[in-house]
Amino acid sequence: DAGITQSPRHKVTETGTPVTLRCHQTENHRYMYWYRQDPGHGLRLIHYSYGVKDTDKGEVSDGYSVSRSKTEDFLLTLESATSSQTSVYFCAISEDSPNTGETQYFGPGTRLLVL
Amino acid sequence: AQKVTQAQTEISVVEKEDVTLDCVYETRDTTYYLFWYKQPPSGELVFLIRRNSFDEQNEISGRYSWNFQKSTSSFNFTITASQVVDSAVYFCALSFISNFGNEKLTFGTGTRLTIIP
């Protein structure tokens, strides 16, 4: 299994508060991704990183920001959490390899509840 | 724009029956990859298969098999002799290349498969 951890695994917060989720990898993979999973929507890409300090928006980026100051860590910040951001958040990593191409491997997820 | 449709929201079958999960995709790219992921009740996402758009050969891995048909833009997944451990949500996904050269994924909404003992 790819070495990916997410912290916290569960969080309850109040509307209007800032929240930061952390994704940490030990695989030295170049690419990292944040998704959210909601019923009826599958997984949707929030932001991704194609290198240290290099990030770009996904399809549902409003209300989220990210940072990647080193290869192993990719942070997702909700500047001012809203109830619509209640979701399960997954981090994924990938690297272009001869055997598996850029297959994305996922972390265990973070369950966030915004009250 | 890329799109993945998994029309079957939920499927229930009795153990040992065969079951096929459908996946239909839309893309204008000539080179792309298709994926299946499994999400068991414990919640993690498990990679099952990655298939190149130029490789239409069917693939078999134990009780799992995949049928890729470019003519119908489908990438269906069959489980033979289903077992209770196959109960999970299964996601089909389609890759496309970002402006920065890496692959991004578009996921279907998933099919919840329940195997009844």
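The structure displayed is predicted, hence computed values, not measured ones. Excluded from the calculations below are hydrogen atoms, water molecules and symmetry mates; all remaining heavy atoms, backbone and side chain alike, are included. Residue numbering restarts at 1 for every chain, and letters A, B, ... go by the order of the sequence lines.
Residues of residues 60-79 of chain B lying under 4.5 angstrom from chain A, judged on non-hydrogen atoms, do not exist. Chain A is approached within less than 4.5 Å, heavy atom to heavy atom, by B:F91, B:S98 from residues 85-98 of chain B, ordered by number. The contact list for residues 103-117 of chain B toward chain A, using heavy atoms and a distance under 4.5 Å, reads B:E103, B:K104, B:L105, B:F107, B:G108, B:T109 by residue number.
Residues B:D55 and B:Y33 bring no donor and acceptor atom of their side chains to less than 3.5 Å of each other. Side-chain contact, A:T55 with A:S49: no donor N or O sits under 3.5 Å from an acceptor N or O. At a cut-off of 3.5 Å, with distance as the only test, no side-chain donor of A:R111 or A:Y89 sits close to an acceptor on the other residue.
Separating the OG atom in A:S67 from the CZ atom in A:F74 is a distance of 8.0 Å, to the nearest 0.5 Å. One finds the NZ atom of A:K11 at 12.5 Å from the OG1 atom of A:T86 (value rounded to the nearest 0.5 Å). The distance from the CG atom of A:L21 to the OG atom of A:S7 is 8.0 Å, given to the nearest 0.5 Å. Atom OH of A:Y35 sits about 10.5 Å away from atom OH of A:Y48, to the nearest 0.5 Å.
The aromatic ring centroids of B:Y37 and A:F106 lie less than 6.0 Å from each other.
Under the salt bridge (charged side-chain N to carboxylate O under 4.0 Å, His left out) criterion, B:E26 pairs with no residue at all, not counting sequence neighbours.
Geometrically, B:R50 does not engage B:F35 in a cation-pi contact defined by less than 6.0 Å to the ring centre and at most 45° from the axis.
In this structure, chain A has a heavy atom under 4.5 Å from the side chain of B:Q39, while its backbone stays farther away. Using a 4.5 Å cut-off between heavy atoms, A:L45 contacts chain B through its side chain alone, with no backbone atom that close. Within the 4.5 angstrom heavy-atom criterion, no atom of A:E59 approaches chain B.
Proximity of A:E79 to A:V19: side-chain heavy atoms (C-beta onward) are nowhere separated by under 4.5 Å. Residues A:I93 and A:Y33 fail the side-chain proximity criterion, which asks for heavy atoms closer than 4.5 Å.
Around atom CD of B:E56, more than 12 heavy atoms belonging to other residues, nucleotides or ligands sit under 6.0 Å away.
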Using the side chain to side chain contact (heavy atoms under 4.5 Å, CB included) rule, take A:R22 and A:D73 through it: C-alpha gap first, then chi angles, then the decisive distance, then the call. CA-CA 7 Å; A:R22 180 186 184 225; A:D73 288 327; 3.1 Å; yes
